[in-house]
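Before any comments, here is the structure.
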Amino acid sequence: TELTYGGFLALGDGTVGRTGGLDAVGFLSSVEGDLEVGPGPSRLGGITFDDGDVSIAGELSLVTWVGMDGGRLDIDGAQVDAGRFVSMRGGVIVNHGELVFGPDSTGVECWSGFDDRKAFINDGSIRFASNYRSVVECPLQNHGSIAIEKGRVAFTGDSPAPQTGSISVAAGALAEVFGDLELGAGSSLIGPGEVLVVEPDVTLGVRPGALFAPAALAFEHGGELRLDADASVGRIGGPLNPGVRSGAGTLTITGQGNDIGGLRLTGPGRTVVAPGATARVAQAVEALAGHSLDVRGRVAWNEDVTLGGGAELTVAGALVAEGRAAAPGSEVVAPEPVAILDAGGGRVRVVAGGELGATAGGIHVAAPLESAGTLFEQGGGMRLDDAVQTGGSTRIAAALSGRLSVAGGELLGTGAVAAEVVNSGGTVRPGGLVFTGPFVQSAGGRLLLAVGDVLRGADIALGGLLRIEGSD
């Protein structure tokens, strides 16, 4: 059956062995009624199915495009180099076989009309290998497998129903999320390629039982990644990264060169920079509503981090400030301090072996801090609003201000100490430090003074036994 130059085929119920529909001059061929295409090679192109149900059992070559203006198109056979499917005012396209969008294909489009009558359902396998950007504009129901082997595929239709199938993204390929997409139990979004959440009002949801593990993840103009299951990415970030990471699951970042700047981390979940991973904070970061940010790798810290709503920052690796760049046109040349701010209920923990400090510009930790690791500054000073050191060391190169309780470990270095310091169980080695603020030495602490050390201008309260040791 061929409609070569346009025309209209009206069917109540029709059955043909195979069909062709290449429209050489651009007119739309039209088929109305139910049509069953049996086994054998078939060709379609430039054809519109007006309202009936169409099923194709054989091998189908889609030369240009096929439009659905109602009804349902079932593909049961192998699809060779699909071009373009269009759901117009309505229409459901269902793949039960093997559907291949080849080099010249553009995917599945949904035009304006009755959105509740449109869907793209995959119960088989789909491969995207186009030289162009392919689209899936209709609401997606993926219960089979989708492989993005080449180029980029934009999922633009809202798909709130949980997906149960798999989506894989090959190296160099890109999955763009323009509409809501929910990964349900048994589904996956994985591969060595990249996932890009594009629009600010879009949510990519990962429900319990789903697997989310792409090599790369980025946010372009906003959007939200909601994780209610544990997930991992090799790399996160991009030139724009103002996204939201919510949910109760754990997101583990495993690769090199990440950028977590601009992210808003919220909900009871956990975001982990894994051991061996590297990241930077190039834009301000917020952690709110009980979220936990764990730094187990190495993070370069150039903008403020805000903790609120019971959020916690744990440093088991290294969180090192490199100084905030001066604003354009500013007369300030030296790097400016960066801060960990407290928006209410936040706290910071540096565990044994962890490092929190600054190589330039200095740091300010406004949130309550407990450290068993290393606190340091190598220029610009350190301000600790409410800090308890239980082990490790605090090393000063320029200045220390705020309040520090030394319950364990050591305080040492050079520079001015205007902070209120209480040594209740640690060791203070003044050396090149000049204490100008209140200093309280309790019985459980140790103060090691070399002959010639001078505590200039400080009020000193000493409790317990003061023992002076020396030789010659």
Side-chain angles (χ1 to χ4, degrees), residues 177 194-204 216-227 233-247 251-267 269-274 277-289 291-309 311-315 317-330 332 334-344 346 348 356-367 380:
V177 182
E194 181 175 357
V195 174
L196 177 64
V197 180
V198 180
E199 298 294 345
D201 58 347
V202 165
T203 298
L204 173 56
L217 169 69
F219 299 85
E220 187 166 357
H221 300 296
E224 179 177 351
L225 173 65
R226 193 197 72 249
L227 291 177
V233 296
R235 179 174 54 83
I236 189 171
L240 300 173
N241 209 33
V244 175
R245 201 251 98 161
S246 63
L251 176 64
T252 302
I253 304 167
T254 61
Q256 305 290 310
N258 295 281
D259 185 358
I260 60 175
L263 291 178
R264 190 168 186 257
L265 311 173
T266 185
R270 184 181 302 272
T271 300
V272 179
V273 180
T278 63
R280 63 187 180 119
V281 179
Q283 303 176 62
V285 171
E286 289 183 300
L288 307 169
H291 200 84
S292 296
L293 174 58
D294 289 1
V295 176
R296 301 178 187 177
R298 185 173 184 85
V299 176
W301 169 34
N302 304 104
E303 290 291 341
D304 294 345
V305 176
T306 299
L307 305 176
E312 180 175 290
L313 169 62
T314 301
V315 181
L319 180 59
V320 180
E322 298 175 342
R324 188 202 319 268
S330 172
V332 177
E336 298 181 355
V338 292
I340 300 176
L341 302 175
D342 183 15
V348 182
L356 171 63
T359 58
I363 60 171
H364 174 203
V365 181

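None of these values were measured; they are calculated from a predicted model.
- Heavy-atom minimum distance, Ala343 versus Gly308: CB-CA, 3.9 Å.
- Once rounded to the nearest 0.5 Å, the distance linking OG1 of Thr252 with CZ of Arg270 reads 9.5 Å.
- Residues that satisfy the salt bridge (charged side-chain N to carboxylate O under 4.0 Å, His left out) test with Arg298, not counting sequence neighbours, are absent from this structure.
- Taking all atoms of both residues into account, the shortest heavy-atom contact from Val285 to Gly262 is CG2-N, 4.0 Å.
- To the nearest 0.5 Å, atom CG of residue Asn302 and atom CD of residue Gln283 are 11.5 Å apart.
- Closest heavy-atom contact between Glu322 and Ala300: OE2-CB, 3.5 Å.
- The side-chain contact (heavy atoms from CB on, under 4.5 Å) test with Leu225 is passed by exactly one of Val195, Val233, Val197, Leu217: Leu217.
- The main-chain N or O of Ala339 is found under 3.5 Å from a side-chain atom of Asp304 such that the two form a donor-acceptor pair.
- Of all heavy-atom pairs spanning Ala367 and Gly346, the tightest one is CB-O, 4.1 Å.
- Note that CD of Gln256 and CD1 of Ile253 are 12.0 Å apart. Values are rounded to the nearest 0.5 Å.
- The one candidate from Leu265, Leu313, Leu288 that meets the side-chain contact (heavy atoms from CB on, under 4.5 Å) condition with Leu307 is Leu313.
- Counting heavy atoms from C-beta outward, Val281 and Val338 have side chains that stay 4.5 Å or more apart.
- Taking every heavy atom of both residues into account, Gly237 and Ala218 meet most closely at O-CB, 3.5 Å.
- Looking at Asn258, its side chain does come within 3.5 Å of a backbone N or O of Thr278 through a donor-acceptor pair.
- In this structure, CH2 in Trp301 is found 4.0 Å from CD1 in Ile340, a value given to the nearest 0.5 Å.
- Scanning for side chain to side chain donor-acceptor pair (under 3.5 Å) contacts around Thr271 gives Arg245, His291, with sequence neighbours left out.
- Atom CZ of Arg296 is separated from atom OG1 of Thr254 by 13.0 Å, given to the nearest 0.5 angstrom.
- The distance from the OG1 atom of Thr314 to the CG atom of Asp294 is 4.5 Å, given to the nearest 0.5 Å.
- Contact of the Pro337 side chain with the His364 side chain is not registered, since no non-hydrogen atoms from C-beta on lie closer than 4.5 Å.
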